[in-house]
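Read the structure below first, then the notes.
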Amino acid sequence: MIEVEKKFILTDEQKKKLLDGAEILGQKKFTDTYYDDANYSLTKRDLWLRSREGRFELKIPMNASIDERVTDIYRELETDEEIAAYLKLPEGKAVRDALRDVGYIPFVTIVTTREKYRKDGYNIDLDAADFGYDIAEIEYMTDEVSSIQEANQKIMDYAAAHGLSTNVAPRGKVAECLRRNNPAHFQALIDAKVIK
Ligand code: V4E
């Protein structure tokens, strides 16, 4: 699947307006552990490998350059086979073992409590991360590359119609956690123009 999403830090008033009339899909709590090697080889290429509740997932960027991007666009690989093939991991081993053998180790673990909503065809997630950071996402999922640009524009228009500023890009949970706890990794991602 391809995910097109935009992050926001909401005021109480913006949250009320955005959720007005939304269908609540539920609340869940999950743990993400992100992996990289000592040179930050994955994240410096904007590749995000994580284990969510024990299942590996890899986000692959489909974005324009950081200065041009208006939303975050990533393709998601969700099977061990796809991830092992993409990362060219040694064959014949469980992904967790193969990752360790080639030097990918955990660099951050975040527990998120997420409220999920649906409104007008969009997924709206309100996340509270365990290190004290709240962030909202408006998200559109597609499996058609041809509908990415349309989704991009629709999210921007939708956000603007709800009084949300679209010319700021708040840091995601991982970026903010690195800023607070791992300045060297954070700076490497800024230098690589992966985050601002
Ligand atoms: C893509 C990315 C990271 C991986 C985590 O992505 P995120 O969407 O924050 O996580 P989450 O929990 O909402 O995943 P979901 O449940 O939606 O699959 S960490 C950093 N990035 C890139 C990134 C970026 N380039 N710019 C900004 C402002 N934030 C994050």
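Read the numbers this way: they start at 1 and go in the same order the structure lists the ligands and their atoms. The structure displayed is predicted, hence computed values, not measured ones. Values below: all heavy atoms of this structure, side chains included; hydrogens, waters and symmetry mates excluded. One is the number of the first residue; the rest follow in order along the sequence.
Classification of the H185-Y40 ring pair by plane angle, with boundaries at 30° and 60°, yields parallel. Aromatic ring pairs are classed by plane angle as parallel below 30°, tilted from 30° to 60° and perpendicular above 60°; the pair Y158 and H162 is tilted.
No side-chain N or O of S51 forms a donor-acceptor pair with one of T33 less than 3.5 Å apart. With hydrogens and angles left out, the side-chain atoms of T43 and D36 include a donor and acceptor closer than 3.5 Å. Under the 3.5 Å distance criterion, with hydrogens and angles disregarded, no donor-acceptor pair is assigned to the side chains of N123 and Y117.
Near E76, the atoms of ligand 1 lying under 4.0 angstrom from a non-hydrogen atom of the residue are 18 (O). Which parts of ligand 1 touch E5 is read off a 4.0 Å heavy-atom cut-off, strictly below it: atoms 8 (O), 17 (O). Those atoms of ligand 1 with a heavy atom of Y74 less than 4.0 angstrom away are 1 (C), 22 (C), 25 (N). Applying the 4.0 Å criterion to heavy atoms of E139 picks out, from ligand 1, the atoms 17 (O). Numbered from 1 in the order shown, with element, the atoms of ligand 1 that lie under 4.0 Å from a heavy atom of V194 read 24 (C), 25 (N). Against a heavy-atom cut-off of under 4.0 Å, Y34 is close to the following atoms of ligand 1: 4 (C), 5 (C), 10 (O). Taking every heavy atom of P170 and a limit of under 4.0 angstrom, the matching atoms of ligand 1 come to 28 (C). Those atoms of ligand 1 that come under 4.0 Å of a heavy atom in V174, given as number and element, are 19 (S).
With a 4.0 Å heavy-atom cut-off, ligand 1 is reached by the side chain of R52 but not by its N, CA, C or O. Residue contacts with ligand 1, taken as heavy atom pairs separated by less than 4.0 Å, do not involve K196 at all. Contacts between T43 and ligand 1, counted as non-hydrogen atom pairs separated by less than 4.0 Å, are absent for every part of the residue. In E57, neither the side chain nor the backbone holds a heavy atom less than 4.0 Å from any atom of ligand 1.
Residue-to-ligand polar distances keep A169 apart from ligand 1: every N/O pair is separated by 3.5 Å or more. Residue D72 has no N or O atom closer than 3.5 Å to an N or O atom of ligand 1.
Every heavy atom of T112 sits 4.0 Å or more from the atoms of ligand 1. Residue contact annotation: P61 has no non-hydrogen atom under 4.0 Å from ligand 1.
Few gaps surround CD on E53; more than 12 heavy atoms of other groups in view lie less than 6.0 Å from it.
In terms of hydrophobic clustering, with Ile, Leu, Val, Met, Phe, Trp and Tyr side chains grouped at heavy-atom distances under 4.5 Å, F131 and F186 are assigned to a common cluster.
To the nearest 0.5 angstrom, D37 atom CG is 9.0 Å from K44 atom NZ.
I138 has its side chain out of reach of E5: every pair of non-hydrogen atoms, C-beta onward, lies at least 4.5 Å apart.
If you check each of R50, E137, E3, K7 against atom 14 (O) of ligand 1, the one with the closest non-hydrogen atom is R50. Nearest to atom 12 (O) of ligand 1 by heavy atom, out of K59, K173, K193, is K173.
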Evaluate the criterion side chain to side chain donor-acceptor pair (under 3.5 Å) for residue pair N152 and T71; output intermediate values, then yes/no. CA-CA 6 Å; N152 218 11; T71 58; 2.2 Å; yes
Residues 9-16 side chain polar contacts: donor-acceptor under 3.5 Å, at least two apart:
residue, atom, partner, partner atom, Å
T11, OG1, Q14, N, 3.1
T11, OG1, Q14, OE1, 3.4
Q14, OE1, T11, N, 2.9
Q14, NE2, G163, O, 3.4

